[in-house]
Number of protein chains: 2
Amino acid sequence: MKCIYCGSEESKVIDSRAVEETNAIKRRRECIKCGKRFNTYEKVEVVPMLVVKNDGTRQAFSIDKIKAGIMRACEKRPVSMQEIDTLVNEIERKVYNTMQEEISSKKIGEFVMDGLKQLDEVSYVRFASVYKQFKDISTFYDFLLSYEQSARPKTKRKSKTQK
Amino acid sequence: MKCIYCGSEESKVIDSRAVEETNAIKRRRECIKCGKRFNTYEKVEVVPMLVVKNDGTRQAFSIDKIKAGIMRACEKRPVSMQEIDTLVNEIERKVYNTMQEEISSKKIGEFVMDGLKQLDEVSYVRFASVYKQFKDISTFYDFLLSYEQSARPKTKRKSKTQK
DNA sequence: TAGTTTAACACAATATTTTGTGCTTTGCAA
DNA sequence: TTGCAAAGCACAAAATATTGTGTTAAACTA
């Protein structure tokens, strides 16, 4: 394990403890060369499950990835971790209920979009821009316009309702 | 290390190799109970440095976080990993050149925005929506309008230049 | 500011991992 | 379909990590 301070390849473990909550092993290491200390974490590699993408290919499914995507979309937004966890659990349940051994990525995307739309509209737009792969700025406009016309026909553009 | 298949706490290492590229140790483990195998990765904990936020508080700085933020903004965009790495290196260099022992988060945000603006405009808008904490949908409009008026005065809204 | 929780630190006996070498399998590309 | 690269597999000798116990320092909260 390379030392982050001096770059030396040599370091040794001076303490090692299990972190139950995150299923990890935390190690405290000391660089042989410069003597500085740092921590490392050992974690399980993400497990593969099957998601069928639009082009027919299969890919690993992980609820953590879904959660990460949602958390990104909600970054600095007034959405609590608890709300996210609730949504993630709901999605996981929906996924397992729907699926035999596979589920389409389209379906998963819809679950997430549906949930986010209820939770926070900025997060919803952000997620859509990634999920639907907006190609340029005009796609943002188009999406915003059609969203406001369909889902929130009475919203005034300039209103800033959230503090 | 808990087995991801049967949940048992007992597993043993059957192989262990360094992964030079990512500065990690990859271990192959076998569950004592069910005998199934899985991989784990040990990585260095992110290192703390000092960033001064707008409200005056100090926070850990990590170039990895910057990179992660950029990668999020570039998700599913035609921006190569190499381009991102170049930008990240440039930012890291700028940060270290600017800084005594601290740097303002504003400054870092500007470095990133400057770089992304050159690289990809959709990524740029996404990053801005997080960095500048867009409050609602109208903020998107306002930002897009002022961006197009200042940076790209001749761009037509409906043009879809990228494939 | 006292009380509490978490991280760092130390140490030693025991047990496990590391590492070189090399063969096999699988996935991907030519 | 052939060939290469990466991952999995195996083994054994040597080296290192693990884990209980306990102390101290730091951060957080009531």
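Both backbone and side-chain heavy atoms feed into the values below; hydrogens, waters and symmetry mates do not.
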Same cluster or not: Met1(B) versus Ile32(B), using hydrophobic residues (I, L, V, M, F, W, Y) connected whenever any side-chain heavy atoms lie under 4.5 Å apart?
no
Min side-chain heavy-atom separation Phe38(A)-Arg28(A) under 4.5 Å:
no
Listed pairs, N/O of protein and of nucleotides 4-7 of chain C, under 3.5 Å:
none

With a 6.0 Å cut-off on the ring centroids, do Phe143(A) and Tyr124(A) count as close?
yes
Run the side chain to side chain contact (heavy atoms under 4.5 Å, CB included) check on Arg29(B) and Lys12(B) step by step: do they pass?
CA-CA 5 Å; Arg29(B) 290 178 170 269; Lys12(B) 65 176 181 184; 5.8 Å; no
How far does the helix from dT1(C)-dA30(D) to dA30(C)-dT1(D) bend, going by the axes of its first and last five pairs, to the nearest 10°?
90°
Salt-bridge present (Glu20(A), Lys2(B); N to O < 4.0 Å)
no
Please determine whether side chain to side chain contact (heavy atoms under 4.5 Å, CB included) holds for the pair Leu145(B) and Tyr141(A), giving the CA-CA distance in whole Å, both sets of side-chain angles, and the decisive distance to 0.1 Å.
CA-CA 10 Å; Leu145(B) 287 171; Tyr141(A) 280 105; 3.5 Å; yes
Take the protein atom CD of Glu30(B) and the nucleotide atom C1' of dA10(D), then report the distance between them rounded to whole Å.
12 Å
Counting primed atoms, P, OP1 and OP2 as sugar-phosphate and everything else as base, the B/S/- map of nucleotides 11-19 of chain D against protein heavy atoms under 4.0 Å is ------SSB
Looking only at side-chain atoms of Arg28(B), point me to the closest of dA8(C), dA10(C), dG8(D).
dG8(D)
To the nearest Å, give me how far apart CE (Met1(A)) and C1' (dT18(C)) are.
13 Å
Using salt bridge (charged side-chain N to carboxylate O under 4.0 Å, His left out) as the criterion, list what pairs up with Arg27(A), not counting sequence neighbours.
Glu42(A), Glu42(B)
Could you tell me if the side chain of Asp120(B) sits less than 4.5 Å from the side chain of Cys74(B), heavy atoms only?
no
Mind checking salt bridge (charged side-chain N to carboxylate O under 4.0 Å, His left out) for Glu10(B) and listing every partner two or more places apart, or none if nothing turns up?
none
Please give the remaining members of the hydrophobic cluster of Val130(B), linking ILVMFWY side chains under 4.5 Å, ordered by chain and number.
none
